[in-house]
Amino acid sequence: MKTFSLQSVKLAALFSLLLHSAQSIGATLPDMCSTQGATSTQNLTDGQQICVQDTNTVYHAISGASNHSSIAITTMHGSGDLSLYVDDGRWPVLDSRSSESETAGTNSECVIINNPRSFYVYVAVNGSRSGASMVIDLGATSCRTGGTNPDPDPGTGGSLTNGVSKIVSANGQNHPTFTLSIPSNTTNLEISISGGTGSADLYAKTSPGVSLTDYTYRPWLAGNNETISVASPVAGSWSVMVAPYSNNTFTNVTLKATWNGGSTNPDPDPDPTNPGALPDVCATEAADKSVTTLTSGVPICMPGSVQREGYSIRGSDEHSSLAISTAYGQGNLNLFGKNGGWPATDGSDPVVVESKHIGNTECVIIRSTSGNLSEFWSNVNITGARDKASIVVDLGATTCRVTPGAVDPGNDGYKLNSTHVIIYRFDFNGESAESVWPETQMEQDMQRVKAYFQEQSYGAFNVTWEVKDRINAGNKSSYTNQREWKDFVYGALEARGANPSFPGLGNVYMFTAPPLLNLNSTAAPPELNIFHYIPGTVAHEIVHALGLHHSMSVEAGNQVMDASRDSISNYGNVFSMMGMGAQSAQEINLMYKSYFDGWLNVNTDVPVINSSGTYRIYAHDFGTASGHGAAGDIGIRLKSADGSLTYWVEFRTRASRTDYEDVVRNGVLVNVQGYKENESDSRFWNHRSAMLDFTPNSKDRGIIDADGGDDKWDLIDETDAPLAVGKSWTDPSGKLRIRPLQTGGSVGFDATGYI
C-alpha cells in the first residue's frame, strides 16, 4: 500500500540549448526547382530549401523561432512577381499588417524578423510565379544570395527520388542520411557519389543503420567517386548514408540513386506524368459539396471541414476488393470504410476498416474473404479537420495510391504555442454588434484574454487576433433556431472567400452578435460563438475551440469510486476555468495545462510518483508570464494499480469566491484521467478531467438562491471538494492512498502544500 510520510524532496534540472543557423554552411540559395518538385509540406525545418508551389497563396510554418535572435526568409529564381509575407505567431495577412517584401517584377524577396516573440513564425507566398525557391534560416541576420548547388542542413538528409541528384555537405561527425523506397520486382539499383571537395564515404542498407558498421554496402574507395550496385534489390525502404572520411569535412558532393523495373499500384485513371499517383486535385479544381458518390478511378477535391462527412461507392459487389486513398492539403483527417452500410467512427464495429495516420494521407482497403464483396454499396466516412485534400476510390485494387505516415495517436495535445482569433461581428437591423460590445471594449477584453493565457502558460502561449468588417445579418426575427443562424454565418464567410470549416493551422474563428434566441456562448474546433461579452467567457470558449471539453467532477469520498453507478457532472470543477470558474477567470487545472505543448515540463513539474513517501507540492495558481515561480513540483501524478487511471494532485490558494479560499488552501484537488471517458469526437482531447469530490452529497455553507432554492448551476456540492489536511482517501484498487499532512508558506509564490 502506498502511504505518505513527512519528507521534503527538491529537484533541480540543468539544460543547455544549442542554436544552429542554416547559413553556417553557405549563404546561397540554389535553384531548387531544377532538381526537385514543388513541396506541399506546410511545416518547414531550419535551412530546408524548397521549390515553392506555383498556384494560389502558399502558407508555411517553422517552429523554434523564439529560440533565436533573428530569422531570415529568402525567395528567388524562376519567373514571375511573387510577394512574401511573414508574421510572428500568427498566419500572415496579405498586406502591410504583416512583414512584407514586394520587389516589383521579380521573385527575389527578403524578410528579416528580429527578436521573434513566438515559437512559430508563419510565411505566405502570394502573387504570380513559376519555379521559385525559398529557404527560412533561423539565427540568420541577412538573406541568401543566388547559387547553383543545393546546400542542405548537414546531418539531416532527406529522401531520394529515382534519378534525381542531391548535393550533400557535412562537417565532422555529421552523417547525412537519406531514404528511398524500392518497388517490387526492381531489377537493378545503383547509388553513387561524385565530385565536391573533401573526402566522403557511401553506405547503404535495407533499413536504417544505427552506426557505420550496421550498413551492408560500403565501397570505401579513395576520393568521392563511389558506387553501390545491387542486382534484384530487396523491395521496401532503404537507408543511404554519406559520411565524412575520418570525421573530416566534405562539401557539394553529388548523391544519386537510380533503379529500373518494379511494379506500380493499380491506377484506373493514371496521371501521365506520374503513373500510379493520386493527383493533387484541389490544386486544379474547386471542391464540390454536391458530390456524394465516388466514381472508381476519378479523384475529387473534398470540401474543407471539421465535421464528419461521407461518400457512397456503387458497384462494389462486382469486385473482390476496393482501395480508398486520400492525400494533400492541410489538417489531420481519419478514414473509415465499410461494405454494406455506413461505417462507425468510434471503433464499435469490427467490420469497419479504418486508417488513422498523422496528416491527410490515408489508405483503406476493403477485401472479401471469398469471391466478390457481398454488397452493391460501400461507404466511407471522413473525420478530423482537413482542407484541400484529395480522395479517390479504385474498385478492384488491392493497394492504395499513397503510403500513410506514422500512426495517429489521436488528439493528444495542441502542438502550437499560439492561436490567432479571426473575429467576425454581425449586426441585426436596428441592433448592432457595436452597441453591445464596442470594438474599443473588445480590444481591451482581448488584451485581458491574451494576458490570461500568458499567465496560465507561464509565458509559453500567445493569443493574437484581427477584427473583420461587420456583417449585416438582416432581421433578428428571421432566425428561429441555431441551425438557421449557423447556416447564415457560414454562408456569409463563404461569400467573402473564407472557409468557415477550416480557418487554417493555428487559427480559430470567433463569431459574435447581439443576444439571439437565448443562445449561450459555445465553442468547438475551430470556432467560438460569443453572446456573453466578458474576457472569461472568451478565454473559456477559446480553450474549447483548441480541443478541450469542460472540467467535470465525480463523487469520491469514503465509499470509493464506483464505475457502475457514478455519473460525471458537467462543469463540475467549480475551481477551474473550464468548469464553473470562467466568469472569474479561474486557473486551468494541471491536467488540462498538460494538453498544451510547452506549458509544463510535465516530467519535472508534475512527476509520476511510484514509491511511498512524503512529497511537497507548491501552489500553481500564482504564475505569471515569467514562470510559475515555484521552488519545486507544482503537482504530482499517481497511477492506479492497473495503470488505467492517473490521479493529478494539485494545490491552490485562490478560488472563484473568496469565501471558498480557506477550503482550497486546506487541502488538495485531485483530477482523475481515464475514468468513464467516451471521447469519440476526434476534434477533442482523448481525455477529460474529472475532479474527485471528497465530500459527496453535501450542501456546503448553506448557500441559498435569491428565490430560496438551490441553483444546480452553482454546483454547491463541489465547493468543498478538496481532500482536506488530515483526511485520507484510498482509490478503488485499495493499493493507493492519499493523505495531506500540512500546509505552509504564505499566499503567493511561497504558498506550498505537503502531501
Side-chain angles (χ1 to χ4, degrees), residues 1-14 553-563 566 573 575 587 589-594 600-621 628-653 663-677 687 689-696 720-745 749-755:
M1 176 178 294
K2 292 185 179 180
T3 58
F4 298 84
S5 58
L6 187 59
Q7 178 183 345
S8 179
V9 178
K10 295 183 179 179
L11 301 175
L14 299 177
S553 68
V554 61
E555 302 281 32
N558 294 329
Q559 85 270 21
V560 186
M561 295 184 296
D562 183 352
D566 283 347
N573 189 337
F575 308 110
E587 198 82 0
N589 63 58
L590 289 179
M591 178 185 161
Y592 272 5
K593 285 189 179 187
S594 73
L600 302 171
N601 186 333
V602 180
N603 291 330
T604 55
D605 286 334
V606 195
V608 174
I609 301 302
N610 295 310
S611 59
S612 298
T614 296
Y615 301 89
R616 172 184 293 182
I617 61 174
Y618 289 77
H620 71 92
D621 59 348
H628 56 62
D633 302 337
I634 56 174
I636 60 173
R637 287 173 289 158
L638 306 170
K639 295 284 189 179
S640 61
D642 62 2
S644 63
L645 305 179
T646 301
Y647 301 102
W648 292 70
V649 183
E650 63 183 48
F651 179 63
R652 299 187 181 214
T653 57
V663 176
V664 295
R665 292 177 189 167
N666 191 39
V668 295
L669 293 176
V670 180
N671 285 283
V672 60
Q673 175 179 330
Y675 186 60
K676 296 178 72 67
E677 293 178 341
H687 302 285
S689 73
M691 181 186 68
L692 301 186
D693 178 9
F694 292 108
T695 313
D720 56 1
L723 181 61
V725 168
K727 302 291 185 180
S728 63
W729 176 79
T730 304
D731 91 320
S733 71
K735 303 292 185 181
L736 183 149
R737 187 174 69 195
I738 305 172
R739 184 182 180 216
L741 297 179
Q742 67 181 86
T743 61
F749 288 131
D750 295 327
T752 63
Y754 299 91
I755 58 174

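Under a 3.5 Å cut-off, the side chain of Y675 and the backbone N or O of L645 do not form any donor-acceptor pair. E650 contributes a side-chain N or O that, together with a main-chain N or O of L590, makes up a donor-acceptor pair within less than 3.5 Å. Here the side chain of D621 pairs a donor or acceptor atom with the backbone of T653 at under 3.5 angstrom. The backbone N or O of N610 lies less than 3.5 Å from no partner atom in the side chain of K639, so there is not a single donor-acceptor pair. A donor-acceptor contact shorter than 3.5 Å is absent between the side chain of D633 and the backbone of G635. Looking at N671, its side chain does come within 3.5 Å of a backbone N or O of M691 through a donor-acceptor pair. Side chain of R637 to backbone of V606: a donor-acceptor contact under 3.5 angstrom is found.
Here the closest non-hydrogen pair linking F651 and G667 is CD1-O, 3.2 Å. Minimum interatomic distance between P740 and K727 (heavy atoms only, all atoms of both residues): CD-O, 3.2 Å. Contact between S611 and I609 at its shortest, heavy atoms only, is O-CG2, 3.4 Å. Summarising the geometry of P722 relative to D720, their closest heavy-atom pair is CD-C, 3.2 Å, with the distance given to 0.1 Å. When all heavy atoms of M561 and E555 are compared, the pair lying nearest together is CG-O, 4.3 Å. Shortest non-hydrogen contact noted between D642 and S644 is OD1-OG, 2.7 Å.
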Item to check | Test log, rule ring-ring contact (aromatic ring centres under 6.0 Å, His included), inputs W729 and Y647 | outcome: CA-CA 12 Å; W729 176 79; Y647 301 102; 5.4 Å; yes
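With values rounded to the nearest 0.5 angstrom, K593 atom NZ is found 13.0 Å from S689 atom OG. In this structure, L600 CG and D605 CG are separated by 5.5 Å, a value rounded to the nearest 0.5 Å.
Considering only residues two or more places apart in sequence or on other chains, H687 meets the ring pair (Phe, Tyr, Trp, His ring centres under 6.0 Å) condition with W685.
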